[in-house]
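Here the structure is laid out as structure tokens; the discussion comes afterwards.
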Amino acid sequence: MEHQEHIIERYERAWIFFGLAMITVFIILVGYLMLTMGNTNPVRADRIDATKVRTEGNFANPRVEQVGNEYVAYVQAFAFGYLPAEMRFKVGKKVTFYVTSPDVQHSFHVHNTNINVQVIPGEVAKVSYTFTKPGEYPIICNEYCGIGHANMISKLIVEP
Ligand SMILES: [Cu+2]
């Protein structure tokens, strides 16, 4: 019995070593992808007074702006929808989204891309992406935000 327990301890040590080795491989691969595939990690760009989102500043006028060869989009995620109601981009051009909320927490997930952003009232999230395929991309809220959450859907259009 004692001998058996000793063997289990050895396997445990080997298993911990194997687990740490796998995590190390994972960290290296994630780091490599972040450096090479265009980093789409959202960042907090700014703070904002959530009670004034609808009346003052860039988000009171939700829009898509073309700046040089790129786009900037100011997006409101509210209960239960997104503004601007229509967003159009040309394929192959970089889009920088600024997203905030005038009420509760939402998310800005663009289907079939790795844009997946938590939208927190009082904060402005920033995320950049270059669409490589034309078409319609559904936008989905995947942070529970109230009774209409499941219907909080929009779309954006990428033109050829
Ligand atoms: Cu929502």
Side-chain angles (χ1 to χ4, degrees), residues 19 22-160:
M22 291 304 284
I23 290 169
T24 306
V25 169
F26 175 75
I27 289 170
I28 290 167
L29 286 177
V30 168
Y32 174 75
L33 292 177
M34 279 177 73
L35 293 173
T36 56
M37 281 193 65
N39 184 356
T40 48
N41 284 343
V43 295
R44 192 184 76 179
D46 202 1
R47 290 198 147 177
I48 192 166
D49 184 342
T51 62
K52 291 175 182 155
V53 163
R54 286 185 159 120
T55 51
E56 287 176 21
N58 275 324
F59 294 96
N61 175 22
R63 66 194 183 277
V64 173
E65 249 175 38
Q66 196 162 358
V67 181
N69 209 27
E70 297 182 2
Y71 293 99
V72 177
Y74 296 95
V75 181
Q76 254 191 53
F78 64 96
F80 300 101
Y82 296 90
L83 287 173
E86 192 180 278
M87 287 192 268
R88 281 175 186 273
F89 309 103
K90 282 265 187 278
V91 75
K93 291 187 176 167
K94 187 178 166 189
V95 185
T96 300
F97 296 95
Y98 292 93
V99 194
T100 195
S101 164
D103 43 57
V104 296
Q105 177 178 237
H106 299 283
S107 98
F108 182 74
H109 171 55
V110 182
H111 199 60
N112 289 329
T113 74
N114 54 1
I115 303 172
N116 192 10
V117 186
Q118 190 178 17
V119 185
I120 301 168
E123 300 189 1
V124 177
K126 176 187 179 187
V127 66
S128 296
Y129 191 79
T130 303
F131 292 91
T132 53
K133 277 187 203 155
E136 278 187 15
Y137 291 74
I139 302 168
I140 295 156
C141 179
N142 60 19
E143 293 278 358
Y144 181 71
C145 58
I147 192 100
H149 166 66
N151 297 318
M152 185 164 163
I153 296 166
S154 184
K155 68 177 179 196
L156 60 83
I157 295 154
V158 177
E159 295 169 334

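Just so you know, ligand 1 is whichever comes first in the structure, and atom 1 is the first atom listed for that ligand.
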Donor-acceptor under 3.5 Å ([X] side chain, [Y] main chain):
| X | Y | answer |
| --- | --- | --- |
| Asn58 | Tyr74 | no |
| Ser107 | Gln118 | no |
| Tyr71 | Arg88 | no |

Give, for atom OH of Tyr129 and atom CD1 of Ile115, the distance between the pair rounded to the nearest 0.5 Å. 6.0 Å
At the Cu ion (ligand 1): angle between Cys145 atom SG and Cys141 atom SG, to 10 degrees: 120°
The ND1(His106)-the Cu ion (ligand 1)-SD(Met152) angle, to 10°, is 90°
Looking at the Cu ion (ligand 1), is one of the N, O or S atoms of His149 less than 2.8 Å from it? no
